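What follows is a set of notes on a single structure, which appears directly below.
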Amino acid sequence: MFALADCNDFYASCERVFNPALEGVPVVVLSNNDGCVIARSAEAKALGIKMGEPEFKCRDRLRQGGVEVFSSNYALYGDMSSRMMATLAEMAPEIEVYSIDEAFLDMSGFGRFDLAAYATEMRRTVRRHTGIPISIGIGATKTLAKVASRMAKKNPASGGVVVLSSPEEIAAALGATPVEDVWGIGRKWSRRLQEWGILTASDFAAAPVSWVRMQMHVVGVRVQAELKGESCLPLELVRPVKQSICTSRSFGRSVVLLEELYQAVATFSGRSAVKLRAEGQMASMVTVFIGSSPFADEGERCWFSRTATLKAPSMDSSVILKTAAAMLEGLFREGFEYRKAGVMLSGMVPRDQPGTTMLLFEEEPDEDRGTRLMAVMDEVNRRYGKSSIRLAAEDMNAWRPVRQRLSPRCSTQWDEILQVR
DNA sequence: TCTGGGGTCCTAGGACCC
DNA sequence: TCTGGGGTCCTAGGACCC
């Protein structure tokens, strides 16, 4: 059996932990640049505030409803997430951290326990240790655990815990789950399935496998098998290394000058390189993209991107920056209002692995110097704080998104604890 | 006027290898 | 008129997840 532990309204709940006055009050959290609603408390949902809705479109409703609105505080959410995961890890033999607010747990050794009672205890413990409310769903596959956790959230009478074990329980749960709410069935596929009269998870489970394979390929077949109780997705105990690393931002204002874009691209190159070294990887490809607002009028809309392969895999910030900067110059076209840029690294190669490709015709003059320099940079930043030293072309402050309603980072910054209301 | 930021996997087709 | 069998790598695009 798998359990899925899933936080309720995670970001909104985090805001409440250090500000109990928010209890019972509608709360929403906004995306970068205070653009869209990305988390809502139950009270905010009841007011009809939609997930992903732009703030400017619901501003009046937010004010009328007395909603407390916050910019996203990733330092706080990340820290609360690790506290919650640490608590869960103590209560199950194996855990897969699936996202910032979800974890799958291995329940296979709990045959002699009352699973529902144990899950209730896990819920209570997480709440006591972290202040975060969670729901727990348990089933024979990850997809069934997802179905169960959705029911635990929807149905208050469940006490936040749903276990699907008997065939009758499973059948009832699948019948009550709209097909678009099945994990792995997104917008496009659910619309297609609905056209064929497949409206619930139970309809989908009953569809002929050959038809599912034709329409949705192996991915759809896997979802279906999981719904039927056949486990295809194992618990992933060690996170695989990332295959790509991306740093990108919307600007919150228009940028027309190449020099300004250069500074943004330099900053994102530096951030991506830091993430790359933290993964212990080297990248062999660098992609740069710049673009207008996707909402710009036809003709003023643009999206340019280019990818270069490095002469040899690298983790050196300055090599990555030089490559990205050269591409930016080729990419840039005057006359557009740019609103977004990003730098992506891919073609990962493990560091310190013998047999990696080396340059054929050139000596590698600065390889060692670059490696040592980066090690020193990372160490200084570890000791004295992020971006204490960086490439001169970077300017994190200039490209930090607007966050006007940020709450204090009171679990990671001593000086901000004093700001707690 | 104002609209986020990360990721994954799969398929199909083209170019190439022996 | 007839024209093999088995691969790899790369790119683009489409679907999905949080």
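Fair warning: this is a prediction, and the values are worked out from it, not measured in the lab. Atoms considered below: every heavy atom in the structure, side chains included; atoms not considered: hydrogens, waters and symmetry mates. Letters A, B, ... are given to chains in the order of the sequence lines, protein chains preceding strands, and every chain is numbered from 1.
A:Arg249 and A:Thr247 make their closest contact through NH1-CG2, 4.4 Å (heavy atoms, listed as atom of the first residue, atom of the second, distance). Of all non-hydrogen atoms in A:Leu237 and A:Ile95, the two that sit nearest each other are CD2-O, 4.0 Å.
Distance from the side chain of A:Ile245 is smallest for B:dG7 among the nucleotides B:dG6, B:dG7, B:dT3. Comparing atom distances between the A:Cys36 side chain and each of B:dG7, B:dT3, B:dC9 picks out B:dT3 as nearest. Counting only heavy atoms from C-beta on, A:Lys340 has its side chain closest to B:dG5 among B:dG5, B:dC9, B:dC2. Counting only heavy atoms from C-beta on, A:Lys275 has its side chain closest to B:dG6 among B:dG6, B:dG5, B:dT3.
Aromatic ring pairs are classed by plane angle as parallel below 30°, tilted from 30° to 60° and perpendicular above 60°; the pair A:Tyr118 and A:Phe110 is tilted.
At the heavy-atom level, A:Arg339 lies under 4.0 Å from the strands shown only through sugar-phosphate atoms. Within 4.0 Å (heavy atoms only), A:Glu55 reaches no atom of the nucleic acid at all.
Side-chain atoms of A:Arg63 never come within 3.5 Å of backbone atoms of A:Asp60 as a donor-acceptor pair (strictly under, hydrogens ignored).
At B:dT1, none of the side-chain N or O atoms of A:Arg253 fall inside 4.0 Å of OP1 or OP2 (strictly under the cut-off). Listed pair A:Ser293 / B:dT3 fails the phosphate criterion, with no side-chain N or O lying under 4.0 Å from OP1 or OP2. An OP1 or OP2 oxygen of B:dT8 is reached within less than 4.0 angstrom by a side-chain nitrogen or oxygen of A:Ser244. For B:dG6, one of the phosphate oxygens OP1 or OP2 lies less than 4.0 angstrom from a side-chain nitrogen or oxygen of A:Arg249.
B:dT8 atom C1' lies 13 Å from atom CE of A:Met348, rounded to whole Å. A straight line from CD of A:Glu279 to P of B:dG6 spans 14 Å, rounded to a whole angstrom.
Separation of atoms CG (A:Asp181) and OG1 (A:Thr200) is listed at 11.5 Å; rounding is to 0.5 Å. Taken from OG in A:Ser108 to CG in A:Leu105, the straight-line distance is 11.0 Å, to the nearest 0.5 Å.
In this structure, A:Glu230 does not pair ionically with A:Lys142, as no charged nitrogen and carboxylate oxygen lie closer than 4.0 Å.
Listed by chain and number, the residues in a side-chain hydrogen bond (donor to acceptor under 3.5 Å, both in side chains) with A:Glu180 are A:Gln194 (sequence neighbours excluded). Considering only residues two or more places apart in sequence or on other chains, A:Val69 meets the side-chain contact (heavy atoms from CB on, under 4.5 Å) condition with A:Val28, A:Leu30, A:Leu62, A:Val67, A:Arg405.
Mapped onto DNA chain B by nearest heavy atom, A:Val241 and A:Phe251 fall at different nucleotides, with A:Phe251 at the one closer to the 5' end. For the pair A:Thr247 and A:Val219, nearest-nucleotide mapping onto DNA chain B gives the more 5' position to A:Thr247.
No donor-acceptor contact under 3.5 angstrom links the side chains of A:Thr267 and A:Gln263, judged on distance only. With no hydrogens or angles considered, a side-chain donor-acceptor pair links A:Glu15 and A:Tyr77 at under 3.5 Å.
Residue pairs meeting the ring pair (Phe, Tyr, Trp, His ring centres under 6.0 Å) criterion with at least one member in residues 173-213 of chain A, sequence neighbours excluded: A:Tyr98-A:Trp183, A:Phe104-A:Trp183, A:Trp196-A:Trp211.
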- Give the dot-bracket string for DNA chain C, reading 5' to 3', where a pair is Watson-Crick or G-U wobble with both distances under 3.5 Å, ( ) marks pairs inside the strand, [ ] marks pairs crossing earlier ones, | marks a partner on another strand, and . marks unpaired. ....||||||||||||||
- In the 5'-to-3' direction, what one-character label does each nucleotide of nucleotides 11-18 of chain C receive under the scheme B = base within less than 4.0 Å of a protein heavy atom, S = sugar-phosphate only, - = no such atom? ----SSSS
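Taking atom C1' in both B:dG4 and C:dC17, one finds a spacing of 15 Å when rounded to whole Å.
The stretch residues 326-335 of chain A has no heavy atom under 4.0 Å from DNA chain B, so no residue of it qualifies as close.
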